[in-house]
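Contents: one structure, followed by commentary.
A note on names: the letters A, B, ... follow the listed sequences, proteins ahead of strands, and every chain is numbered from 1.
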Protein chains: 2
Amino acid sequence: MTEPAAPQDGRPRRRSERARVAILDATNELLHENGLDNLSIEAVAARAGVGKQTIYRWWPTRPALVADALLHRDDLEPLLAPDTGDVVKDMTRWAGALADSIGSPRGAATLRMLTAAATEHPEISRRLHERFSGPLQSSALERLKNADEITATPSQRRHAVDAMIGGMVFKVLAHQKLTRAGAAESVRIVLRGLGV
Amino acid sequence: MTEPAAPQDGRPRRRSERARVAILDATNELLHENGLDNLSIEAVAARAGVGKQTIYRWWPTRPALVADALLHRDDLEPLLAPDTGDVVKDMTRWAGALADSIGSPRGAATLRMLTAAATEHPEISRRLHERFSGPLQSSALERLKNADEITATPSQRRHAVDAMIGGMVFKVLAHQKLTRAGAAESVRIVLRGLGV
DNA sequence: CAGCTAACGAGACGCGGCGTCTCGTGAGCT
DNA sequence: AGCTCACGAGACGCCGCGTCTCGTTAGCTG
């Protein structure tokens, strides 16, 4: 995110920062007010005080705009696992922070809308992974790798991390409660499964 | 599913079974051809050889139709865990069957579209849980509960099951590979975490 | 500073799908 | 045999789509 003036492709001409931010803000507001599939470009343009063409000029598709808008505000922060030497404590803290983030009403709404948008648009899926789940996975994997008491194979570590993240994401998508305590319990189970 | 002639509410009048099935089939075809957000009621009516009013008469919203259609064909079967006495073998078989189901191209597409539809419509979410994830969870929970070698609390069993299901669902939604072998490895880790 | 130029706000355009309505018609109960 | 209500068909006004064409203006270049 936060490319000041250029899209990324071959035509980096001068671009109004004011319009760009107004569009992303308006999109965010409307998404949280009316939901993903009631979002219209016309409404975004009207609220942002912008011509429709300005939106179509810089975002090729509606989902691209949605992804930019939702990832623009840091409702979903790819929290990194600390390394204090105590792998259980570190992973618990990591999972707790994630639970706080995607378990909050706003974070859950953001995650759900991003998931829905990513579902049909591989490009959005890529962006979501690059900005959120990727760093999340990498950070957790790295922390497990650095834990002396864990002798698991890389493949096992990957499945373990996916089970922890997936378990939490699944609860959110299924509209089940996701608490810090629940996240901690999941982490304890999976880490014990890795031999800790 | 498969209520022969009545919707379920207070007005169970005579209803054309031919039209009902034609509509669900047409919806399924169009969903897999064009994706969720390119599905138009007009196109469904045209392909089914049906008046639009017939669709609007029996399904209140587009997502309701989508859910009925996707759950009508049994692309997603809520596979139940067997009980042979060997809990690792049983859970591995259960997870393997699930991986086959939602890991196949068609199953993955169905799961993604249902997830997207459920994201914005709690009603669909409820239906999906009732028809798919609910039985899946219950069956796994029951099997774990019956395993003498597992002394985990109910809460721990729930988190363990969510970690297994969530880990697999997460891989599908994130467009990662989901294999039978990977599912087996996840199961092994989580069960070991439960003390097996 | 002056001039150029492309992005800007505004909005008109045709199009396609929306959800509602109004027709005969015919299937299926009584 | 008669009644009745769901049916297929399609017309209706409406709305948002994505494209286009206007001046206007911000900001680079000389």
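The CD atom of B:Gln53 sits 16 Å away from the P atom of D:dA11 (whole-angstrom rounding). In this structure, CG of A:Asp37 is placed 17 Å from P of C:dG17, rounded to the nearest angstrom. Summarising the geometry, the separation between CD1 on B:Ile23 and C1' on D:dA9 is reported as 14 Å, rounded to the nearest angstrom. Atom CZ of B:Arg20 and atom C1' of C:dA27 are 18 Å apart (whole Å). Atom-to-atom, CD1 of B:Ile55 to P of D:dA9 comes out at 12 Å; the value is rounded to the nearest Å. Straight-line distance from the CG atom of A:Leu30 to the P atom of D:dG16: 12 Å, rounded to whole Å. Distance, B:Glu17 CD to C:dG28 C1': 15 Å, rounded to whole Å. Protein atom CZ of A:Arg18 is 15 Å distant from nucleotide atom C1' of D:dG27, rounded to whole Å.
In the interface, the side chain of B:Arg14 is paired with the base of D:dT4 through a donor and an acceptor atom under 3.5 Å apart. No hydrogens or angles were tested; on distance alone, a donor-acceptor pair under 3.5 Å links the side chain of A:Lys52 to the base of D:dG18.
Counting only residues at least two apart or in different chains, salt bridge (Lys or Arg N to Asp or Glu O under 4.0 Å) contacts with residues 152-161 of chain B are absent.
Contact check on B:Asp25 versus B:Arg47 returns no salt bridge, with no Lys/Arg side-chain nitrogen under 4.0 Å from an Asp/Glu carboxylate oxygen. In summary, B:Glu17 and B:Arg20 engage in a salt bridge, as defined by a charged side-chain N under 4.0 Å from a carboxylate O.
In the set D:dC7, D:dT19, C:dT20, D:dT19 carries the atom at the smallest distance from any side-chain atom of A:Tyr56. For B:Arg57, the side-chain atoms get nearest to D:dA6 when compared with the rest of D:dA6, C:dA10, C:dT20.
Within a 6.0 Å sphere centred on CZ of A:Arg126, other residues, nucleotides and ligands contribute more than 12 heavy atoms.
Put simply, the side chain of A:Trp58 reaches to within 4.5 Å of the side chain of A:Arg15, judged on heavy atoms. In this structure the side chain of B:Phe132 never reaches within 4.5 angstrom of the side chain of B:Leu114, judged on heavy atoms. Between B:Val172 and B:Met168, every side-chain heavy-atom pair lies at or beyond the 4.5 Å cut-off. A:Asp75 has its side chain out of reach of A:Leu70: every pair of non-hydrogen atoms, C-beta onward, lies at least 4.5 Å apart.
Contact between the side-chain N/O atoms of A:Trp58 and the OP1/OP2 oxygens of C:dA7 is not found at any separation under 4.0 Å. Distances shorter than 4.0 Å separate none of the side-chain N or O atoms of B:Thr54 from OP1 or OP2 on D:dA6.
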Side chain to side chain donor-acceptor pair (under 3.5 Å) between A:Gln137 and A:Asp162, worked out: CA-CA 8 Å; A:Gln137 285 177 315; A:Asp162 282 354; 2.7 Å; yes
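Sorted by residue number, the members of residues 39-50 of chain B with any non-hydrogen atom under 4.0 Å from DNA chain D read B:Gly49, B:Val50.
Summary of helix geometry: the two end axes of the helix from C:dC1-D:dG30 to C:dT30-D:dA1, each defined by five base pairs via their C1' atoms, are inclined to each other by 30° (rounded to 10°).
In terms of position on DNA chain D, the residue among B:Ser16 and A:Arg62 whose nearest nucleotide sits closer to the 5' end is B:Ser16.
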